[in-house]
**Q** 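Next up is a structure, given as structure tokens.
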Amino acid sequence: MKPPAFRYHAPASLAETLATLAEVGARGKVLAGGQSLVPLMNMRLAAPEHIVDINGVAGLDDVTVDAGGVRIGALVRHARLEADAEAAAAVPLLRQGLRLVAHPVIRNRGTTVGSIAHADPSAEMPAALALLGGSVEAAGAAGRRTVPAAEFFTGPMESCLRPDELAVSAHFPRPEPGTGSAFTEVARRHGDYALCGVAALVTLDADLRITAARAGYLSVSPTPAVLDLTDAVAGRTPDTADLAAAGRLAVGRLEPEDDIHATAEYRAHLAGVLTVRALRAAAEDALARATRDPRPAGSGSGR
Amino acid sequence: MTGKMFGAPIPRTEDERLVAGRGRYLDDLGAGAYAAAFVRSPHAHARILDIDVGDALDVDGLVAVYTHDDLRGPMAEPLPLLIPHPAIRDGRTPHALAAEYVHHVGEPVAMVVARDRYVAEDIVERVRVDYEVLPAVVGVAAARRADHVVHPGMSDNVAARLLQEVGDAPAAIAAAPHTLELDLEIERSASTPMEGRGVYARWDAADAMLRMYSSTQTASGVRAAVAAKLELQLGQVEVVVPDVGGGFGVKIVHPWPEEVMVPWAARLLGHDVKWTEDRREHFVAAAHEREQLQRVRVGFDDEGRLLGLDVRIWHDNGAYLPYGVIVPLVTSTQLLGPYRPGAYRVEFDSLYTTTVIVTPYRGAGRPQGVFAMERTMDAIAARLGLDRARVRSVNLIQPDEMPYDQGLVFQDGRPLIYDSGDYPAALAALLDLVGWDDFPAQRERARAEGRRIGIGLACYVEGTGPGPYEGGHVQVETSGRVRVATGLTSQGQGHQTILAQIVADELGVPISDISVTTGDTRRMPYSVGTYASRGAVMSGSAVALAARRLRDKALRIAGDALEADPDDLEIVGGRVRVKGSPASGMDLGTVAVLANPLRYAFDEASRAATQFGGPADFDRPPVAPDDAPGLEGTDFYSPLRCTFASGMHAAIVETDPETAEIRILRYCVVHDCGRLVNPLIVEGQIHGGVAQGVAGALYERMAYDSDGQLLNASFMDFLMPYASEVPAVEIDHLETPSPLNPLGIKGAGEAGVIPGAAVLAAAVEDAEGFPITRMPISPSELFHLRRRFASGEIPPLRARRPAAPAPRPSGQES
Ligand SMILES: Cc1cc2nc3c(=O)[nH]c(=O)nc-3n(C[C@H](O)[C@H](O)[C@H](O)COP(=O)(O)OP(=O)(O)OC[C@H]3O[C@@H](n4cnc5c(N)ncnc54)[C@H](O)[C@@H]3O)c2cc1C
């Protein structure tokens with residue numbers, strides 16, 4: 001479990017990073033928190049010839065919260081984002097999901113953008129980004145581009161990032177006013193990648209009726225799946241909505257696979273159960289917010 | 001003053017050093033050594049056609065690459081079959097490097113020695129091995145079918161078959177008013193110590209001496225085995241066991257291929273060589289345990305009393321049989337637990353498969369035996385509609401029946417005779433601790449909240465402290481410090497603490513004056529090893545006997561010097577004195593000076609021991625004919641047979657009606673290991689054992705595919721539980737002394753793990769209302785069992801009890 005030899009680059013600026021990435025191309029890998037990359041290298045499942053360590057690059061560790069949402073730089077660690085009260089207030093799903101990412105020591109080092117770049121379909125943050133309709137800001141030799149989450153994830157552990165590109169930040173938009181969120185999952189051990197996980201957003205109108213219900217899934221599809229379940233529950237209050245119907249709707253649209261920890265059938269079953277639990281918790285969250293912070297009926301967006 | 005140390009819950013003396021990072025483990029040694037790495041078979045079963053090292057030769061840092069062709073004499077022969085047994089039909093063991101065939105993924109094929117481990121692994125990737133792939137044989141069913149045989153020259157895969165019988169069980173079952181038949185299965189787990197294996201060897205060419213360090217459970221065993229392989233005299237080999245980060249059984253196997261290759265290469269190269277196993281290697285190249293299929297037939301009366309028990313066991317021993325049939329032998333004997341079985345017949349087949357070898361892992365076959373017996377007890381209770389504790393109690397051996405002869409031959413080759421124990425008291429204590437009688441009310445309350453809970457219990461008896469022997473050496477330095485040595489090794493159990501506690505009391509010295517060495521053949525060459533919960537029983541007894549010898553000698557010498565009758569003397573706080581007159585005595589260090597008559601003084605204190613240093617008795621030589629110089633004592637403890645510890649566990653679990661997740665709400669242990677040397681350490685052993693019991697019941701399994709590839713050879717997918725998955729353990733101790741050893745103690749090391757699978761199967765079964773016959777069980781499996789139960793494919797547990805609520809359909813609100 002020792003990695004093969006590689007050349008180590010420690011650029012100090014973004015420009016230098018991009019120049020190095022352009023030079024080493026597909027033979028190189030960005031090193032962020034190293035919590036996924038280093039084990040892969042030690043097991044010789046990845047053997048990059050060049051490691052481009054971005055930990056010394058200035059200006060990549062900002063968390064910016066504004067009316068549009070939360071933008072996080074490439075070097076923001078899971079733990080730091082989890083602790084950020086402003087970010088949690090703007091996009092509560094972040095903290096709700098980050099608590100389920102691995103263990104505290106791994107969150108101290110692992111980065112949220114690194115997790116998104118790694119594109120593990122069992123990871124929480126890619127699912128959160130997809131559900132919220134967020135985006136990734138990529139910079140490369142050819143310039144910058146903003147990639148919506150729906151296009152970013154292209155397969156298991158695959159994103160549309162080109163070898164010469166760095167994901168400089170990710171943007172998580174603020175959910176619509178009246179929205180509650182929740183993240184729920186079943187994992188074999190505390191902190192493990194989930195057998196199945198569901199993140200949900202439920203939006204209520206001023207009469208506390210559901211206007212939108214969406215769920216994001218992990219570990220049941222090759223890329224984070226997002227399902228719009230509004231049809232099953234729209235127009236009902238949280239306590240009269242047929243959440244089970246939403247669960248069934250979700251199960252019908254997912255095709256999980258077997259692995260040594262769970263059969264496809266069990267995963268599908270979990271997806272149904274957790275859809276109900278996540279929707280219920282998100283609706284309760286929305287109700288709690290509405291009570292805390294009532295909006296006049298018919299008022300517009302609070303952005 | 002010296003307080004009473006035996007029985008005191010003192011903190012472990014080794015911990016300060018270990019938690020402060022001052023431990024010295026194998027990989028902390030040998031900084032300048034070459035590193036070894038091994039080319040390992042990627043196939044479960046193959047014939048080696050060619051090994052091409054051409055690509056490896058130009059790598060900077062390469063020292064050597066070896067294959068079986070480079071080995072001569074005993075090194076080229078298979079490794080020893082450590083424990084021969086007449087039941088073994090064809091005992092195959094591996095070569096140090098594969099000769100022609102490989103029989104499991106991970107088997108070493110070539111050894112690379114290089115400047116460091118990084119380079120060594122680079123070279124491993126460049127060694128090209130051509131294989132003719134042969135059919136894999138994975139699992140007991142395939143091994144029994146024998147469509148393919150694992151070893152050439154065999155007609156089937158049966159390595160060993162053993163039948164033991166007491167009475168006529170088939171007849172007793174045929175005549176019984178009730179009978180039952182159960183098919184049971186337990187899957188593979190493994191010891192997985194925090195530190196893997198490791199070997200570091202130094203050859204001193206000038207002295208023609210080999211010094212070896214190994215992360216092993218037996219220094220003396222490794223010494224003898226390596227000397228034989230390398231054709232050295234025993235006196236040319238020293239084995240030192242540094243701090244060891246856990247063993248749990250896997251490190252009792254010796255010599256490992258790597259353990260002979262490393263010293264062999266060190267001698268050949270005239271340079272230190274070290275190999276530190278990595279985690280992936282440990283999964284595929286060390287050892288596993290547990291996998292068995294069992295068929296139980298039982299006859300019983302209306303009260304659930306056993307009349308006849310007939311058990312057939314199919315045991316997967318993996319690719320080779322270096323450790324003989326110990327595991328299935330232990331299963332088939334310890335299955336009986338605290339019960340009288342009536343007539344008993346047990347027969348096992350030990351089967352070759354193309355998977356990693358199976359050798360003892362904490363519990364060593366007992367968890368499987370207890371699973372068989374306790375599942376049977378629960379099935380009897382279900383059949384008769386009786387309380388499960390009640391069925392057990394009618395079968396318990398009573399205290400006045402001790403010693404109790406089960407009529408079988410145990411794993412030490414000696415009769416299976418329980419020396420002492422009070423099983424009814426243990427059962428009463430357990431039912432009390434867990435609140436057995438209140439549980440039905442608790443269940444009803446939970447049910448009203450839409451929750452599903454269940455309770456289970458399981459009992460075991462564990463033969464601990466098998467011989468042949470261990471030794472103790474205790475020496476008082478002229479400084480007064482006491483050095484204690486025993487040959488068996490320590491893997492973190494706390495031997496240094498408990499052996500010091502024992503010596504402190506025997507000798508009357510403060511524990512802070514005592515240092516203890518384990519596992520160093522320079523200090524105690526005669527030894528067996530650490531396994532079968534024998535450390536405290538064997539070495540504890542041996543050092544006590546050695547300390548008693550030393551004490552007698554100290555009193556005799558001090559008596560001469562003080563002109564007092566030794567019987568009037570006592571040792572208190574490291575000082576020999578006349579009983580009741582504290583001012584009168586002399587320090588043990590001074591006694592040590594006098595114990596060694598000198599010609600030459602080397603310091604002030606030693607002058608007293610020289611020829612003109614004081615009065616002498618001219619009718620006696622300075623050292624009497626039956627005496628020896630020095631204040632030391634050596635003795636050996638060799639027991640008649642094992643001493644039998646026992647215990648009972650109960651667990652309450654909750655199963656999620658929707659997700660099928662299993663959560664342990666309570667875990668209770670009643671434990672009897674005779675007299676407790678240190679309750680704190682015993683409880684630590686129980687906690688660790690329970691953690692591994694929970695692991696084997698709910699989390700861990702070796703997931704082999706049908707090609708013999710281990711799919712989860714990392715801690716990401718091999719689910720060793722974290723602290724967050726292990727329940728708090730509630731413990732009650734009983735102390736039934738053993739009459740077999742001088743201290744009345746019984747082993748405690750393995751106990752905690754033994755009933756894990758049985759008790760958790762019982763609790764899950766109780767929560768669900770249908771039988772659980774296969775462990776471990778995952779939420780996914782429980783989900784599928786529920787489906788099969790709902791469809792009528794699995795019968796309910798007991799017809800008479802109201803059925804448990806059916807699983808809620810997915811997505812329904814609770
Ligand atoms: C024991 C364990 C348990 C874990 N459990 C979970 C879990 O339950 N849920 C979960 O979500 N994660 C889990 N993780 C993964 C953890 O969250 C990682 O930190 C994360 O996936 C990757 O972040 P990183 O900063 O460590 O990335 P690295 O390991 O440094 O990189 C990962 C990959 O992303 C690329 N990369 C990283 N940053 C960028 C960038 N800015 N631009 C372009 N490419 C980039 C790298 O080149 C590499 O290919 C676990 C990890 C461990 C070790």
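Convention: sequence-line order gives letters A, B, ...; per-chain numbering from 1.
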**Q** For A:Arg209, what residues pass the salt bridge (charged side-chain N to carboxylate O under 4.0 Å, His left out) criterion, not counting sequence neighbours?
**A** none

**Q** Of all heavy-atom pairs between B:Glu661 and A:Ala187, which one has the smallest distance, and what is that distance?
**A** OE2-O, 4.4 Å

**Q** Looking at every non-hydrogen atom in both residues, tell me the closest pair between B:Ser724 and A:His190 and how far apart they are.
**A** OG-CB, 3.1 Å

**Q** Of the backbone (N, CA, C, O) and the side chain (C-beta and beyond), which part of A:Pro3 lies under 4.5 Å from a heavy atom of chain B, both, or neither?
**A** both

**Q** Which pairs count as salt bridge (Lys or Arg N to Asp or Glu O under 4.0 Å) when at least one residue sits in residues 27-40 of chain A, sequence neighbours excluded?
**A** A:Arg27-A:Glu49

**Q** Would you mind reporting whether B:Asp656 and A:Val186 have side-chain heavy atoms less than 4.5 Å apart?
**A** no

**Q** With chain B as the partner, which of A:Arg189, A:Arg267, A:Lys2 has the greatest number of non-hydrogen pairs under 4.5 Å?
**A** A:Arg189

**Q** What is the minimum heavy-atom distance between A:Glu265 and B:His784, and which atoms define it?
**A** OE1-CE1, 3.1 Å

**Q** Would you please test A:Arg44 and B:Asp122 for salt bridge (Lys or Arg N to Asp or Glu O under 4.0 Å) and show each step?
**A** CA-CA 10 Å; A:Arg44 297 195 175 215; B:Asp122 291 346; 2.8 Å; yes

**Q** Please find the pair of heavy atoms, one from B:Ser780 and one from A:Ala262, that lie closest to each other, and give the distance.
**A** OG-CA, 3.5 Å

**Q** Which pair of non-hydrogen atoms, one from B:Tyr722 and one from A:Asp192, has the smallest distance, and what is that distance?
**A** OH-OD1, 3.0 Å

**Q** If you count heavy-atom pairs under 4.5 Å between each of A:Leu270, A:Asp259, A:Thr263, A:Asn42 and chain B, which one has the most?
**A** A:Thr263

**Q** Taking the six-membered ring where the residue is Trp, are the ring centres of B:Phe783 and A:His269 under 6.0 Å apart?
**A** yes

